[in-house]
Amino acid sequence: MPPEFARAVLGLVARIPPGRVSTYGRLAELAGWPRHSRHVGHLLGHLPDGVSVPWQRVVGAGGRIARPGTPGADYQRLLLEHEGVVLSASGRVDLKRYGWPAAAEDV
DNA sequence: ATAATGACCTCCA
DNA sequence: GTGGAGGCCATTA
């Protein structure tokens with residue numbers, strides 16, 4: 001896994017506007033590495049200290065925010081709501097509304 | 001070289 | 001809505 005992959009992904013994540021979200025698959029694709037969604041997740045889960053990116057704006061396909069295996073599953077939800085993201089009744093993010101990038105808006 | 005694992009994804013019962 | 005199967009790809013044992 002070339003360093004540029006991490007750079008590209010982290011760069012993209014950093015550019016997600018507050019109150020918007022993107023998905024693992026989407027980011028991997030934008031970074032130029034399609035089908036590498038899992039590695040995006042791995043990256044965000046193993047960020048070196050000092051590096052801070054808005055990881056809370058990265059959700060699973062369909063707007064899922066689960067963070068399996070981790071205790072603070074509600075933490076991400078908290079952060080997002082704090083940014084103005086309204087979760088659906090099922091506790092998911094409406095990608096139609098908050099998804100980024102949304103069309104040719106920006107990238 | 002094979003097997004297991006992971007902040008995942010999609011499809012289908 | 002939930003849960004399982006199969007697929008995905010790099011890393012590690």
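Below, chain A is the first sequence line, B the second, and so on; all start at residue 1.
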- request: Say whether M1(A) and L30(A) are linked into one hydrophobic cluster, either directly or through other cluster members, by side-chain heavy-atom distances under 4.5 angstrom.
  value: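 Result: yes, single cluster for both.
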query: Taking Y98(A) for the side chain and V86(A) for the main chain, is one N or O donor matched with an acceptor at less than 3.5 Å?
result: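 Yes.
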message: Quick check against the 3.5 Å criterion: does Q56(A) have a side-chain atom that pairs as donor or acceptor with the backbone of L79(A)?
response: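 Checking the backbone N and O of L79(A) against the side chain of Q56(A), no donor-acceptor pair under 3.5 Å is found.
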- request: List for me each residue that meets side-chain contact (heavy atoms from CB on, under 4.5 Å) alongside L10(A), sequence neighbours excluded, and say none if there are none.
  value: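 L10(A) satisfies side-chain contact (heavy atoms from CB on, under 4.5 Å) with L43(A), L44(A), L47(A), V53(A) once adjacent residues are dropped.
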message: What's the gap between dC8(C) and dT5(B) when it is taken at their C1' atoms, as a whole Å value?
response: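 To the nearest whole Å, 13 Å.
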query: What interatomic distance, in whole Å, is found between C1' of dT12(C) and the corresponding atom of dA1(B)?
result: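 So the two C1' atoms sit 14 Å from each other.
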message: Tell me every residue that passes salt bridge (Lys or Arg N to Asp or Glu O under 4.0 Å) with E81(A), counting only those two or more places apart in sequence or in another chain.
response: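 R77(A).
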- prompt: In chain order, what residues pass the side chain to side chain donor-acceptor pair (under 3.5 Å) check against S52(A), with sequence neighbours excluded?
  reply: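 Expected list: none.
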message: For H42(A), give me all partners under side chain to side chain donor-acceptor pair (under 3.5 Å), at least two apart in sequence or on another chain.
response: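 H42(A) satisfies side chain to side chain donor-acceptor pair (under 3.5 Å) with no other residue.
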Length of the line joining [X]:[atom1] and [N]:[atom2], which is rounded to integer Å:
X	N	atom1	atom2	answer
Q76(A)	dC8(B)	CD	P	11 Å
R64(A)	dT10(B)	CZ	C1'	10 Å
L47(A)	dG6(B)	CG	P	18 Å
L79(A)	dA7(B)	CG	C1'	14 Å

Where chain A begins and ends its contact with DNA chain C, read 5' to 3' at 4.0 Å from heavy atoms: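 Endpoints of the contacted stretch of DNA chain C: dG1(C) to dT11(C).
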query: Is there side-chain contact between V13(A) and V40(A), with heavy atoms separated by less than 4.5 Å?
result: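 No. Closest side-chain heavy atoms not under 4.5 Å.
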Distances under 3.5 Å only, N/O to N/O: pair up the protein atoms with those of nucleotides 2-5 of chain B.
none

query: Which pairs pass side-chain hydrogen bond (donor to acceptor under 3.5 Å, both in side chains) with one or both residues in residues 26-35 of chain A, sequence neighbours excluded?
result: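 Pairs touching residues 26-35 of chain A that pass the test: none.
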- prompt: Residues from residues 31-45 of chain A sitting under 4.0 Å of DNA chain B, heavy atoms only?
  reply: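 Per residue number, the list reads S37(A), R38(A), H39(A), G41(A), L44(A), G45(A).
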- request: Could you note down all residue pairs passing salt bridge (Lys or Arg N to Asp or Glu O under 4.0 Å) where residues 83-98 of chain A supplies at least one of them, sequence neighbours left out?
  value: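 Listed once each, the pairs are R57(A)-E83(A).
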- request: Check I16(A) against S22(A) and note the closest heavy-atom contact, atom names and distance.
  value: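 So the minimum-distance heavy-atom pair works out to CD1-CB, 3.7 Å.
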